[in-house]
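Remember, predicted model here, so these are calculated numbers, not experimental data.
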Amino acid sequence: MRNNRGTVLIDYLLTLLIIVMMIPVIILSISTISHALKQPYCLQDLVATYQLRRILVLSYSPHIEEDALYFTYKKKEMKLSLINENIILTPGTKIFYIDVDTCMFYEENHVIYVQYERGEDAYTEAIAKY
């Protein structure tokens with residue numbers, strides 16, 4: 001009859017090795033999730049900026065009046081402004097940025113920027129070049 005005492009020790013050591021190898025992956029996953037939860041609007045803002053840039057590339061005659069950006073898109077006069085804590089493109093109700101406290105458009109070196117605040121954080125995005 002064979003002695004099988006060493007097999008249990010090897011099984012425990014392999015289990016311990018697998019657990020130790022999984023710890024960095026678990027820690028990285030938890031830190032990524034916690035970072036994403038701290039910035040819930042990050043991905044939505046990125047997508048909104050790209051969509052807005054696409055529309056403005058296809059538009060012409062942009063100009064800023066007060067706190068709104070006006071431009072012509074598909075032969076219609078469009079207005080991008082802050083309405084009810086959302087930056088909205090009108091006519092229609094295409095929402096780009098949500099839960100925004102303040103919004104301002106400005107032009108610098110032939111580039112149009114949108115600057116908005118959400119809570120205590122301020123963001124500035126280049127949205128058009130002409």
Side-chain angles (χ1 to χ4, degrees):
M1 204 162 159
R2 293 181 55 185
N3 189 356
N4 290 331
R5 290 187 198 175
T7 341
V8 175
L9 180 61
I10 291 174
D11 288 344
Y12 284 133
L13 288 176
L14 284 175
T15 304
L16 183 63
L17 179 67
I18 291 171
I19 290 172
V20 168
M21 289 174 52
M22 288 177 55
I23 288 174
V25 174
I26 292 170
I27 290 173
L28 183 63
S29 299
I30 291 172
S31 68
T32 303
I33 290 170
S34 67
H35 180 70
L37 291 176
K38 288 178 185 175
Q39 299 178 348
Y41 300 107
C42 184
L43 183 60
Q44 190 274 336
D45 286 353
L46 185 65
V47 171
T49 301
Y50 284 122
Q51 289 176 343
L52 188 56
R53 285 177 183 164
R54 184 187 146 276
I55 289 172
L56 290 171
V57 162
L58 300 173
S59 67
Y60 52 93
S61 67
H63 60 281
I64 299 168
E65 292 181 14
E66 297 177 11
D67 290 336
L69 174 65
Y70 295 88
F71 57 92
T72 305
Y73 177 67
K74 294 185 179 181
K75 299 180 183 179
K76 293 182 190 174
E77 183 68 24
M78 307 296 275
K79 176 184 174 185
L80 186 66
S81 61
L82 180 65
I83 301 172
N84 296 333
E85 296 184 350
N86 299 314
I87 299 179
I88 297 177
L89 181 64
T90 53
T93 55
K94 190 165 195 170
I95 299 172
F96 285 97
Y97 303 100
I98 59 174
D99 295 331
V100 175
D101 298 327
T102 63
C103 171
M104 180 182 83
F105 297 94
Y106 65 94
E107 183 264 331
E108 186 177 288
N109 297 328
H110 299 288
V111 177
I112 297 175
Y113 294 91
V114 60
Q115 183 176 20
Y116 59 96
E117 293 180 4
R118 186 180 286 128
E120 295 179 1
D121 299 325
Y123 305 92
T124 302
E125 299 288 343
I127 55 173
K129 184 176 180 181
Y130 63 97

- Query: By side chain to side chain donor-acceptor pair (under 3.5 Å), which residues pair with Glu85, not counting sequence neighbours?
  - Reply: none
- Tracing side-chain links under 4.5 Å among I, L, V, M, F, W and Y, which residues wind up in one group with Met22? Ile18, Ile26, Ile30
- Identify, with sequence neighbours excluded, every residue that meets side-chain contact (heavy atoms from CB on, under 4.5 Å) alongside Asp101. none
- Partner set under side-chain contact (heavy atoms from CB on, under 4.5 Å) for Val111, not counting sequence neighbours: Tyr113, Ala126, Lys129
- If you link ILVMFWY side chains whenever their heavy atoms are less than 4.5 Å apart, which other residues fall into the same cluster as Ile27? By chain and number, please. Ile23
- Just jot down the side chain to side chain donor-acceptor pair (under 3.5 Å) partners of Arg53, sequence neighbours excluded, or say none. none
- Would you please name every residue forming a side-chain contact (heavy atoms from CB on, under 4.5 Å) with Leu58, sequence neighbours left out? Arg54, Tyr73
- Sorted by chain and residue number, the side chain to side chain donor-acceptor pair (under 3.5 Å) partners of Asp67 (sequence neighbours excluded) come out as none
- Task: Just grab all the ring-ring contact (aromatic ring centres under 6.0 Å, His included) pairs involving residues 76-97, residues at least two apart or on different chains.
- Result: Tyr97-Tyr116
- Message: Can you list, by chain and residue number, the hydrophobic cluster partners of Tyr60 when the side-chain cut-off is 4.5 Å?
- Response: none
- Query: With clusters built from Ile, Leu, Val, Met, Phe, Trp and Tyr whose side-chain heavy atoms come within less than 4.5 Å, directly or transitively, what are the remaining members of the cluster of Ile19, listed by chain and number?
  - Reply: none
- Item | Contacts of type side chain to side chain donor-acceptor pair (under 3.5 Å), residue Glu65, not counting sequence neighbours | His63
